[in-house]
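Values below: all heavy atoms of this structure, side chains included; hydrogens, waters and symmetry mates excluded. Note that the coordinates shown come from a computational prediction; the quantities given were computed from them, not determined experimentally.
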Amino acid sequence: MTQPKAPSVRALLSGALPVDSAVAVQGWIRTRRDSKAGMSFLAVHDGSCFAPIQVVAPAALDNYLSEVSRLSAGCAVRCTGKLVASQGKGQSLEIVADSVIVLGWVEDPETYPMAPKKHTLEHLREHAHLRARTNLIGAVTRVRDTLAQATHRFFSGEGFSWIHTPIITASDAEGAGQMFRVSTLDMANLPRTPDGKVDFSQDFFGREAHLTVSGQLNVETYCMALSKVYTFGPTFRAENSNTRRHLAEFWMIEPELAFADLDDDADLAERYLKALFTAALEQRGDDLAFFAEHVDKGLLPRLEGLVRSEFTRLDYTEAVRILEKSGKSFEFPVRWGIDLQSEHERYLTDEVVKGPVVVMNYPKDIKAFYMRQNDDGKTVAAMDVLAPGVGEIIGGSQREERLDRLDARIAELGLHGPDYWWYRDLRRYGTVPHAGFGLGFERAVLYCTGMENIRDVIPFPRAPRQADF
RNA sequence: UCCGGCAUAGCUCAGUCGGUAGAGCAAGCGGCUGUUAACCGCUAGGUCACUGGUUCGAGUCCAGUUGCCGGAGCCA
């Protein structure tokens with residue numbers, strides 16, 4: 001049987017086909033409105049863009065009474081008909097149907113969890129398998145995709161290679177947080193060594209293994225060969241973090257740049273964030289308009305301002321001085337040497353700078369072993385990019401490329417030197433200055449949508465006591 | 001993990017001083033209408049998270065449990 005092509009709603013509404021074309025549309029019913037003038041109006045949505053297309057279903061259709069008049073939110077349909085200029089207000093184009101085929105009914109409209117009404121984000125989370133059907137989560141999903149595609153486009157355009165660093169790691173050296181164990185041992189009957197410890201030599205990898213908490217150490221090896229590299233993949237932290245900014249499984253982007261220092265690193269971070277949000281503004285205007293109206297009134301000025309402005313860079317020491325002189329009474333008093341608390345970061349981004357701020361050169365005692373030691377003997381070449389409402393969106397540093405200094409730091413922190421043998425090799429064979437950062441992808445999505453809870457910008461959030469679906 | 005809050009109809013919530021439950025939305029039926037967050041009327045819908053306690057009587061007071069939300073810490 002010959003059937004008219006079924007373009008996406010996006011294609012139809014953007015005028016890809018001339019008026020009077022015979023078309024089909026496939027999607028799900030958002031709303032049905034009946035008119036006594038002898039027709040029903042079906043809002044058909046297929047996720048290809050924010051808007052649904054209106055299908056006019058005449059009462060003369062064979063299945064009008066038996067089926068069309070019973071359609072409710074969520075029903076799947078295939079409609080064929082003619083694309084016409086709309087007689088009504090609110091849309092320029094619509095389809096006058098000559099057939100409406102119901103592909104899938106909603107079995108009980110009253111208990112369908114995505115009823116056509118406002119729902120709380122909490123309710124949507126409890127129905128994560130259905131929530132992509134809502135305006136809100138659909139828009140988040142399209143923006144998320146746009147940012148992901150823009151990430152690859154940006155780095156590719158800058159000459160970076162995408163490196164697939166491992167998900168499973170037997171390296172105990174990453175040191176970025178609590179790790180999830182990966183094991184095939186029978187937990188009800190664990191093999192033991194003579195001194196009573198679990199005998200991991202009998203485990204799948206012959207040693208302890210975990211899910212990665214960062215691809216950085218691995219990607220540095222490729223940086224020392226391909227010069228410009230990045231990772232973009234899932235990352236796992238077993239921290240018992242219960243906040244709107246943390247997930248146990250999240251996606252992280254970690255570029256690593258050879259022959260570069262901290263300023264080059266901050267430049268890259270700034271160019272990258274601007275490229276991300278420019279892509280969203282250019283490609284997802286429909287979705288951003290929805291967020292601007294219903295989620296965050298200030299979203300568009302904030303994004304447009306960011307892509308136009310220059311990021312404010314602040315030495316840690318200077319940031320501390322600003323905070324000390326602010327006259328604000330913080331819950332945690334500020335003094336040189338402490339890590340900045342959320343309230344301090346918020347003051348800097350929301351009140352001092354009113355935009356993203358790059359804080360650089362932190363005290364070495366609060367930062368990781370691999371960060372490059374500055375000449376002052378007190379600080380390391382680390383940076384955090386802080387964004388209003390989101391907090392730390394990027395954390396990065398210039399890496400310590402001098403073997404003696406790296407070894408000294410490993411020893412100072414009481415780390416087990418031999419574990420780092422291959423990382424140290426990079427400093428033994430052709431070491432060069434290099435730098436990189438990690439960007440929490442979901443935090444970028446938060447910033448770009450105005451959403452507040454990170455669990456609403458990833459399809460299936462994993463967090464403590466939360467691994468449904 | 002710590003601090004605070006919440007849990008009542010499919011959903012969002014109200015429920016006074018302790019006296020066996022109410023609204024809006026959604027849904028169903030009817031009316032009206034080239035409609036569009038449609039509108040108007042009617043109808044149906046409840047193990048008040050769970051366990052125990054106080055009381056003649058508990059949605060309400062007390063204790064515990066579970067789950068969720070917000071903040072903090074950890075970080076991206």
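- When the C1' atom of B/G28 is taken as reference, atom CG of A/L71 falls 16 Å away, rounded to whole Å.
- Note on A/R32: every side-chain N or O is 4.0 Å or more away from OP1 and OP2 of B/A38.
- For the C1' atoms, the distance from B/A72 to B/U16 is 36 Å, rounded to whole Å.
- Across all strands, A/I394 comes closer than 4.0 Å only to sugar-phosphate atoms, never to a base (heavy-atom distances).
- Side-chain proximity of A/A115 to the nucleotides B/U1, B/C75, B/A26 is greatest for B/A26.
- Within 4.0 Å (heavy atoms only), A/T243 reaches at least one base atom of the nucleic acid.
- Rounded to whole Å, the distance from OH on A/Y112 to P on B/G28 is 14 Å.
- Between A/R70 and B/C29, a side-chain N or O to OP1/OP2 separation shorter than 4.0 Å is absent.
- In this model, a side-chain donor or acceptor of A/R443 finds a partner on the base of B/C75 within 3.5 Å.
- Set against B/U1, B/A76, B/G24, the side chain of A/K117 has B/G24 as its closest nucleotide.
- Ring stacking holds between A/F250 and B/A76, with the centres under 5.5 Å apart and the planes within 30 degrees of each other.
- Within 4.0 Å (heavy atoms only), A/R245 reaches at least one base atom of the nucleic acid.
- A/R244 contributes atom CZ, which lies 11.0 Å from atom CG of A/D456 (distance to the nearest 0.5 angstrom).
- A gap of 8 Å separates the C1' atoms of B/U1 and B/G73, to the nearest Å.
- For A/E110, taking side-chain heavy atoms from C-beta onward, the closest of the listed nucleotides B/A26, B/C75, B/A72 is B/A26.
- For A/R237, the side-chain atoms get nearest to B/C75 when compared with the rest of B/U33, B/C11, B/C75.
- The nearest whole Å value for the distance from the CG atom in A/D108 to the C1' atom in B/G28 is 11 Å.
- Counting non-hydrogen atoms under 4.0 angstrom, A/S86 reaches a base of the nucleic acid.
- Taking atom P in both B/G52 and B/G15, the straight-line distance is 28 Å, to the nearest Å.
- Residue order along RNA chain B, read from the 5' end via each residue's closest nucleotide, puts A/E343 first among A/E343 and A/A248.
- Mapping A/N453 and A/D339 onto RNA chain B by nearest heavy atom places A/N453 at the nucleotide closer to the 5' end.
- Under the Watson-Crick and G-U wobble criteria, each requiring two contacts below 3.5 Å, nucleotide B/U65 is paired to B/A49.
- When each of A/N374, A/T379, A/T317 is checked for a side-chain hydrogen bond (donor to acceptor under 3.5 Å, both in side chains) with A/N361, only A/N374 meets the rule.
- Comparing B/A27 with B/U20, their P atoms are spaced 33 Å from each other, to the whole Å.
- Pairing partner, B/C39: B/G31, with both Watson-Crick or wobble hydrogen-bond distances short of 3.5 Å.
- Pairing for B/A23 is with B/U12, a Watson-Crick or G-U wobble pair whose two hydrogen-bonding atom distances lie under 3.5 Å.
- At a cut-off of 3.5 angstrom, counting only N and O atoms as typed in the model, there is a donor on one side and an acceptor on the other between the side-chain of A/S241 and the base of B/C74.
- The side chain of A/T120 contributes an N or O atom lying less than 4.0 Å from OP1 or OP2 of B/U12.
- Of all nucleotides listed (B/C68, B/G10, B/U33), B/C68 comes nearest to the side chain of A/Q466.
- Both distances falling under 3.5 Å, in either a Watson-Crick or a G-U wobble arrangement, occur for no nucleotide opposite B/A58.
- Under the 6.0 Å cut-off for aromatic ring centres, A/F155 and A/F232 do not qualify, their centroids lying 6.0 Å or more apart.
- At whole-Å resolution of the value, CZ in A/R244 and P in B/G4 are 20 Å apart.
- In the set B/G34, B/C74, B/G67, B/G67 carries the atom at the smallest distance from any side-chain atom of A/R465.
- One can find a donor-acceptor pair under 3.5 Å joining the base of B/C75 and the side-chain atoms of A/H246.
- Spacing of C1' atoms, B/G45 relative to B/A23, comes out at 14 Å, to the nearest Å.
- Partner assigned to B/U1 is B/A72, using Watson-Crick or G-U wobble distances below 3.5 angstrom.
- Residues A/K82 and A/I95 fail the side-chain proximity criterion, which asks for heavy atoms closer than 4.5 Å.
- Spacing of C1' atoms, B/C40 relative to B/G24, comes out at 16 Å, to the nearest Å.
- Across the strands present, B/C17 finds no partner; the criterion is a Watson-Crick or G-U wobble pair with both atom distances under 3.5 angstrom.
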Steps toward side chain to side chain donor-acceptor pair (under 3.5 Å) verdict (A/Q54, A/R33): CA-CA 10 Å; A/Q54 175 159 286; A/R33 294 177 296 275; 3.1 Å; yes
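- Between the CG atom in A/D34 and the CZ atom in A/F41 there is a gap of 9.5 Å [rounded to 0.5 Å].
- For A/P109, the listed nucleotide lying nearest its side chain is B/A27; candidates were B/A27, B/A72, B/G34.
- Comparing the same atom, P, in B/A38 and in B/C25 gives a spacing of 12 Å after rounding to whole Å.
- Across all strands, A/E331 comes closer than 4.0 Å to no nucleic acid atom at all (heavy-atom distances).
- When the P atom is compared between B/C39 and B/U35, the two are found 14 Å apart, to the nearest whole Å.
- Ionic pairing of A/R346 and A/E343 is not present here: no N-O contact between side-chain nitrogen and carboxylate oxygen is shorter than 4.0 angstrom.
- With salt bridges taken as basic N to acidic carboxylate O contacts below 4.0 Å, one links A/R144 and A/E442.
- Classification of A/E392 and A/R245 as a salt-bridged pair fails, no side-chain N sitting under 4.0 Å from a carboxylate O.
- Within the nucleic acid shown, A/E94 comes within 4.0 Å of at least one base atom, counting heavy atoms only.
- Remark: the A/E452 side chain and the B/G70 base include no donor-acceptor N/O pair separated by less than 3.5 Å.
- With hydrogens and angles ignored, no donor-acceptor pair under 3.5 angstrom links the side chain of A/Q87 to the base of B/U35.
- One finds no side-chain N or O of A/Q341 lying less than 4.0 angstrom from the OP1 or OP2 phosphate oxygen of B/A72.
- Minimum atom distance to the side chain of A/H119 is reached by B/C11, of the listed B/U35, B/U1, B/C11.
- For the pair A/E442 CD and B/C75 P, the computed distance is 18 Å after rounding to whole Å.
- Contacts of A/R30 with the nucleic acid, taken as non-hydrogen atoms under 4.0 Å apart, are absent.
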